[in-house]
Amino acid sequence: MFTRPRNHEPIPWQHAVISTPLFTAATVYTGGLALGLAEDFGGTLPTGWMAIGSIAGIAAASASRWFRTGGTPDAPTRPLKRWYHTGFTATWTTATYAWLNWTAHTSPWTMASAASIAAATAAFIPAYAVDRYLRQDIIAAQWADEAAADRIDQSDWEQLFEAVGARGVQVGKAYDTRGGYAMPLTLTQTPYEQVLPLLRMLEVRKGDLRTGSLRLVRGSDGIASAATLYVDTRNVLAETIPLPADAHPLTINEAITLGDLESGEPIEILFRQNSILIAGKKGSGKSVLLHVIIAAITRCTDAVIWMIDLAEGNTAKRWLRPWAEQQKDANGNLIDRPILDWVATSHEESVRLLEAALAVADGRARRMKGGKIIPKPEQPALIVISDENSDLMAWNPNAVQAKTRGVKKGRKAAVDYIDAVQRGTGPNTGGGEINSQYDTVFGGKFNKKAEGQFVFPDYYAQVDLSKLPGRGSWYLLDDARQGDGGLGPERGKVHFANDDEDRDDIEQLSVARWNIRPDLEDAAQQDAAPFGYHERWNPDRTEWLADALGMATADTSPRSDATAGAGSRPAAPTRSTGTTMSKPTDLPSFDDYIEKAKNWSPPSSAPATPSAGGGNGSADPTVEKAVGDAMAEFERWEQERIAREAATNSTQTPVDMKKADRRHPRRDEVTDWARQAGSEGITVADVRDRLLALYPDEQPPSDTAIQNWFASHERINKPGRGRYFWTSDEDDAGE
């Protein structure tokens, strides 16, 4: 290991003419103040023993200097120099001990004591200059010894290069790095491309290096003969680097640290205007890296996260749990908003999200004056994270189309994408159009070296992903590391965030960060509204969250695949018994957040909500008929279910009946409004607005509650989306 100091002198201040006396005087004065403090606090100073110790110290210093400055007898000036060095040492040590004894009898806290030591220092500076001048041959010898030792190491490395077949490699003076040391190279005969594959053989020849500890980098000035050899003596990839506990706010406009490179330098990533690809097989640490990235971005006051998580929300649910369970933060505040602004766990929802992100990018582009948006809390960056991205890109053309356009157009509008895939091939990423837009690539563990050609195609000979230890170890390539002057892909270890099922580390990170993120600006929300942005947390689109957290919905009866999600909307999630969660049986924070979003209304000129399948949003008569038939079938099935439940409820005990009779005071009035609406029908929004107008002092029921009132009424049906209609006896006869 390279441990020798690399300064011009072993101790930087050892031979400095001005700084050495000043440093010595400051040290002596600090010692005097310490003695004064001890006496002020009642400590007794044995002045007699101090005097004896001072005399002994002066004698020891003078004798040491006498023996260290001895020279050859035939040097005529050596005795004079020796006497001067010894006399100088005896003089300044005597002055030092005299001052300490004097201040011990009086006090160091006076102007006189400070002035005396300042005057002595000024007097000794020229004397020390003479002392150094007379020792210039000794100083020169020290420098020569150090240079000779460095030259020995440089010569050893040059011989090693020669032995492995790299001729004409000149090794410069080494310098320390955080992970070891580095040496500049001058290539006089063997070019960089031929030296690069010889590094593994060089590691073997050196004998005390780990595999992969040598990295060769081109010179930053573009000169073909210049290169730098990095020798990593610290095994960063074998370390566990805990995620820092910091939760203070950050900005997306500055680089954020995700871990350490093998060189010991931090992995710093600028997420603004940066599309990122994360490729690695199962178990390589993709989920942990995503948790680390989310933990970093959720600290930004000018960034919002949308997430596509097609692994049944496995990554996102940990971050949403504190909100869904009504937890409180360290200050006792109820967590009443999700830390992730939108989460999609199905193809249908993912297409909505991607088209909404594209609409936000287009809207911002229309409104901007030119150039690029600089994210700020009032207009935050939108970061779209995709986990299991290949499941969507390989099978859904609508998602590929929206993603391709979004990646290309989002950069200037502060809309960027982070994709995690199991392979770097086109079908996994969405094709070459998307692949070409990635600015930063993380390559994780693979079983075969050949996978590197899909992740780092331009650095296949330099990168071997099969040799990564895995579990958080990655190759990293960004704009700064590409090109002729770049380092190429560098290895590093990202921070560790424990996402084990029996731990709550991720949930605690969410609790600490939940209130930092901003909301999208109103204009961006209007852009996303036609794609269901304001209904993104409605229960029929978040059943995966209720299922994952052990919650139950009001509608617990089984549904077939044909009817599941066909216009139905379960009640707000409630806690089921028998779980580890001891929370109330309602979710005011969950409903309140939905309520807040529902109160926002897009402008009348907003386009109609596109179809869930994406595309251009045009209506297909065949599809509409199929949907209508399915809705009618579902409504008939729902009425039969309600009739069965009513028959079952008739056998309830008096106590059960008492529970069942607990009705909202406005329920009957609301259902009567549906009867009065006649053929025009009524929407949940109409009911809410009327309740707010008639009863401004009351907290209105949630949208979910109103939907359940209508769904459970035998006379109220919803043939399509949005509007509820009263079915009269004549209608029944007509059927």
Side-chain angles (χ1 to χ4, degrees), residues 1-7 12 150 153-154 157 160 171-185 196 199-200 202-203 206-220 226-246 250 254-271 276 278 280 284-285 288-289 292-293 295-296 440-445 456 459 462-465 467-482 485-497:
M1 182 176 178
F2 212 98
T3 57
R4 184 173 55 260
R6 311 211 174 279
N7 308 99
D150 279 342
D153 281 320
Q154 295 168 20
W157 277 102
L160 286 173
V171 180
K173 187 177 180 63
Y175 58 89
D176 292 322
T177 64
R178 292 189 179 186
Y181 60 98
M183 297 174 291
L185 306 180
L196 189 62
L199 295 183
R200 303 291 83 84
L202 198 62
E203 291 170 351
K206 188 69 170 67
D208 57 351
L209 297 176
R210 293 177 293 101
T211 300
S213 59
L214 295 183
R215 294 179 296 114
L216 187 65
V217 179
R218 294 183 185 273
S220 58
T228 302
L229 180 67
Y230 288 86
V231 184
D232 297 326
T233 57
R234 172 190 169 194
N235 192 1
V236 173
L237 301 187
E239 298 177 6
T240 297
I241 308 174
L243 182 68
D246 297 342
L250 301 175
E254 296 180 0
I256 300 175
T257 301
L258 301 181
D260 286 349
L261 295 168
E262 197 169 22
S263 63
E265 299 296 321
I267 299 176
E268 294 184 332
I269 299 296
L270 181 64
F271 288 96
I276 299 174
I278 302 170
S284 60
V288 172
L289 178 54
V292 172
I293 290 175
T440 299
V441 177
F442 283 89
K445 174 75 173 181
F456 303 107
Y459 300 89
Q462 183 177 342
V463 172
D464 189 351
L465 297 177
K467 293 294 194 272
L468 278 174
R471 298 186 63 82
S473 299
W474 297 87
Y475 275 99
L476 166 65
L477 181 68
D478 57 9
D479 287 341
R481 292 170 174 81
Q482 298 187 52
L487 299 170
E490 284 194 86
R491 301 199 303 181
K493 191 70 172 283
V494 300
H495 292 143
F496 176 65

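The first residue of the sequence shown is numbered 1, and numbering continues consecutively from there.
- For T440, the side chain to side chain contact (heavy atoms under 4.5 Å, CB included) partners two or more places apart in sequence, or in a different chain, are I269, N274, I276, F442, L476, D478.
- Nearest approach of A296 to L258, heavy atoms of both residues: CB-CD2, 4.3 Å.
- Remark: the backbone N or O of E203 is not paired with any side-chain donor or acceptor of R210 at under 3.5 angstrom.
- The CG atom of L229 lies 4.5 Å from the CE atom of M183; values are rounded to the nearest 0.5 Å.
- For the salt bridge (charged side-chain N to carboxylate O under 4.0 Å, His left out) test, no residue two or more places apart in sequence or in another chain qualifies with E268.
- Here the closest non-hydrogen pair linking G488 and Y459 is CA-CE2, 3.7 Å.
- Annotation: side chain to side chain contact (heavy atoms under 4.5 Å, CB included) contacts of K206 (sequence neighbours excluded): W157, L160, D208, L209.
- Taking CG of L199 as the reference point, atom CG of L216 lies at 5.5 Å (rounded to 0.5 Å).
- Legend: residues meeting side chain to side chain contact (heavy atoms under 4.5 Å, CB included) with A497, ordered by chain and number and at least two apart, are L243, H291, V292, I506.
- A pairwise comparison of heavy atoms in G443 and F456 identifies N-CZ, 3.6 Å as the closest pair.
- Using a cut-off of 4.0 Å between Lys/Arg side-chain N and Asp/Glu carboxylate O, D260 and R234 are scored as salt-bridged.
- Rounding to the nearest 0.5 Å places CD of E254 at 13.5 Å from CZ of F271.
- Atom-to-atom distance recorded for L468:CG and S473:OG is 6.0 Å, nearest 0.5 angstrom.
- Here the CG-CH2 distance, from L465 to W474, works out to 9.5 Å after rounding to the nearest 0.5 Å.
- Every side chain to side chain contact (heavy atoms under 4.5 Å, CB included) that S263 has, sequence neighbours left out, goes to R215, D232, L261, E265, E490.
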* Verdict with supporting geometry, L185 and V171, side chain to side chain contact (heavy atoms under 4.5 Å, CB included) -> CA-CA 5 Å; L185 306 180; V171 180; 3.8 Å; yes
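- Closest approach of L270 and A255 over heavy atoms only: CD1-N, 3.7 Å.
- Looking at K493, its side chain does come within 3.5 Å of a backbone N or O of E239 through a donor-acceptor pair.
- Listed by chain and residue number, E262 satisfy the salt bridge (charged side-chain N to carboxylate O under 4.0 Å, His left out) test with R491 (two or more places apart in sequence, or in another chain).
- T228 approaches A182 most closely through the heavy-atom pair CG2-CB, 4.1 Å.
- Rounded to the nearest 0.5 angstrom, I267 CD1 and T257 OG1 are separated by 9.0 Å.
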